[in-house]
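Just so we're on the same page: letters track the sequence lines, and every chain starts at 1.
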Protein chains: 2
Amino acid sequence: MSLSGQDDARTRRRGPALEGALLDAAWAELTERGYESFTIDAVATRAGTSRAVLYRRWPGKPELARAAIVHVVAQDPIEVKDTGSLRGDVIALLRQANERRVRIATQLVVSLADYYRATGTSLADLRESISGGQGPIMDGVIARALERGEIDASRLTPRIRNLPVDLFRHEVLMTHSAVPEETILEIVDTIFLPLVLA
Amino acid sequence: MSLSGQDDARTRRRGPALEGALLDAAWAELTERGYESFTIDAVATRAGTSRAVLYRRWPGKPELARAAIVHVVAQDPIEVKDTGSLRGDVIALLRQANERRVRIATQLVVSLADYYRATGTSLADLRESISGGQGPIMDGVIARALERGEIDASRLTPRIRNLPVDLFRHEVLMTHSAVPEETILEIVDTIFLPLVLA
DNA sequence: CCACTAAGAGACATTGCGTATCCTAAATTC
DNA sequence: GAATTTAGGATACGCAATGTCTCTTAGTGG
């Protein structure tokens with residue numbers, strides 16, 4: 001019984017191709033069902049494989065979820081373009097984060113419960129491992145503003161430098177939804193710029 | 001066999017007394033085990049009762065967890081005292097939150113995963129239901145500062161008014177631990193006060 | 001004192017977990 | 001390109017927790 005129509009025509013995936021499919025399936029489950037209802041069984045079924053294959057790669061549910069998140073984020077990096085002014089750069093950055101990260105961030109907080117406890121890590125660690133070694137996202141923006149002489153370097157503490165991103169993130173965490181354009185402008189114009197402009 | 005030593009000497013709790021014991025047990029489980037390992041079984045055992053009693057009151061695990069959190073927070077309100085200056089008031093407020101809310105907040109974020117999805121609520125809603133009808137915690141602090149003429153009322157947008165608390169919360173959410181004293185001072189002295197002082 | 005409510009014990013089917021075993025398709029080696 | 005090794009995929013197992021029910025009995029109020 002080697003040829004029974006389309007059923008036996010399936011090929012057996014391996015290595016990276018399989019792993020990608022597993023992580024995509026995990027991500028889909030995560031977004032559709034949420035972490036609590038996220039089951040290894042469902043991921044295996046959706047990926048057209050069996051649980052054993054998943055357990056060979058990840059110890060359990062939190063690690064699989066985390067891997068899925070990192071995988072998805074890595075495929076969709078945020079680029080910060082030069083708009084010609086600090087204000088424009090920061091607004092562009094926040095808008096982009098709004099478009100490309102809100103769903104992920106929402107999943108992330110609303111989810112990953114126990115993972116932190118089990119591993120002793122925190123949201124901050126996860127944020128770090130997601131942004132990779134590329135350093136704080138604000139770096140490029142700030143560097144250009146300093147070149148242009150737009151900001152008072154003496155006021156630029158690390159905390160103030162990250163203020164727009166931190167406030168944006170706080171907003172997303174609190175509401176679990178995209179941040180309104182007015183809020184972005186408010187953060188930039190009434191908080192960040194007054195603190196750093198020369 | 002009505003008298004077998006101490007075993008039958010137990011009394012059967014009812015109403016509020018029982019409910020309090022259930023919520024205390026739930027809270028203890030939550031803090032000791034984390035939300036993911038939080039089981040109705042364990043709560044029932046710890047409270048010396050059976051699951052049926054819990055299911056009679058709450059539909060399931062997320063609702064019980066939430067009820068336990070609200071219960072604990074309600075027993076330990078934050079009071080904001082008058083220290084004589086805006087700076088002192090805000091610092092005192094953050095310090096108190098640091099002492100009395102960090103464990104709870106940590107539980108809270110690291111936990112309650114699916115509840116939001118299931119009910120369509122968010123962290124912001126939970127924050128609201130926890131702070132009760134008493135309004136933003138910064139209100140009293142701001143009112144006194146306005147009386148003293150310490151702040152420029154025109155700069156006082158709602159967002160800026162809540163900035164210290166929001167940044168504090170963000171810090172806790174990110175690190176899952178208490179906020180260092182220096183960070184509290186930094187938030188107040190390099191961000192909040194420069195934005196509002198006349 | 002009687003009737004009613006609800007506490008507490010326990011049984012039940014169901015579901016997800018994590019492990020182990022087996023077979024075979026794909027990759028690797030000679 | 002055949003032989004060998006690796007790992008994918010199916011299946012079954014025991015375990016733990018869920019949520020539902022039933023039953024007995026302790027406390028409460030009339």
*asked:* Does D:dG9 have its OP1 or OP2 closer than 4.0 Å to a side-chain nitrogen or oxygen of A:Arg13?
replied: yes
*salt bridge (Lys or Arg N to Asp or Glu O under 4.0 Å) evaluation trace for A:Glu150 with A:Arg87*: CA-CA 10 Å; A:Glu150 286 181 273; A:Arg87 178 171 188 275; over 6 Å; no
*Are any non-hydrogen side-chain atoms of B:Glu29 and B:Asp41 less than 4.5 angstrom apart?*
no
*Considering all heavy atoms, the nearest A:Lys81-A:Asp89 contact*: O-OD1, 3.3 Å
*Nearest-Å distance for atom pair CD/P, residues B:Glu19 and C:dA7*: 9 Å
_5'-most by nearest nucleotide on DNA chain C - B:Leu22 or B:Arg14_ = B:Arg14
*Could you state the atom-to-atom distance from CG of A:Leu64 to C1' of C:dC17 in whole Å?*
13 Å
*Ignoring hydrogens and geometry, is there a side-chain-to-backbone donor-acceptor pair from A:Glu63 to A:Trp58 under 3.5 Å?*
no
*Checking A:Asp152 side chain against A:Leu197 main chain: does a donor-acceptor pair fall under 3.5 Å?*
no
_Under 4.0 Å between a side-chain nitrogen and a carboxylate oxygen: does that hold for B:Glu32 and B:Arg46?_
yes
*Does any non-hydrogen side-chain atom of B:Leu64 lie less than 4.5 Å from one of B:Leu23?*
yes
_In whole Å, I'd like the distance from the NZ atom of B:Lys61 to the C1' atom of C:dG16._
12 Å
_Contact residues, residues 48-58 of chain B to DNA chain C [heavy atom, < 4.0 Å]_ = B:Thr49, B:Ser50, B:Arg51, B:Ala52, B:Val53, B:Arg56, B:Arg57
*Round to a whole Å and report the spacing from CG of B:Leu18 to P of C:dA9.*
12 Å
*When the nearest nucleotide of DNA chain D is assigned to B:Gly60 and to A:Ala47 on a heavy-atom basis, which residue is associated with the more 5' position?*
A:Ala47
*Selection from C:dC17, C:dA26, C:dG8 that lies nearest to any side-chain heavy atom of B:Arg12*: C:dG8
*How many Å lie between CD on B:Glu29 and C1' on D:dA16, as a whole number?*
15 Å
*Hey, is the side chain of B:Thr11 poking within less than 4.0 Å of OP1 or OP2 on D:dA26, counting only N and O atoms?*
no
_Can you measure B:Ile40 atom CD1 to C:dG8 atom P for me and round it to whole angstrom units?_
16 Å
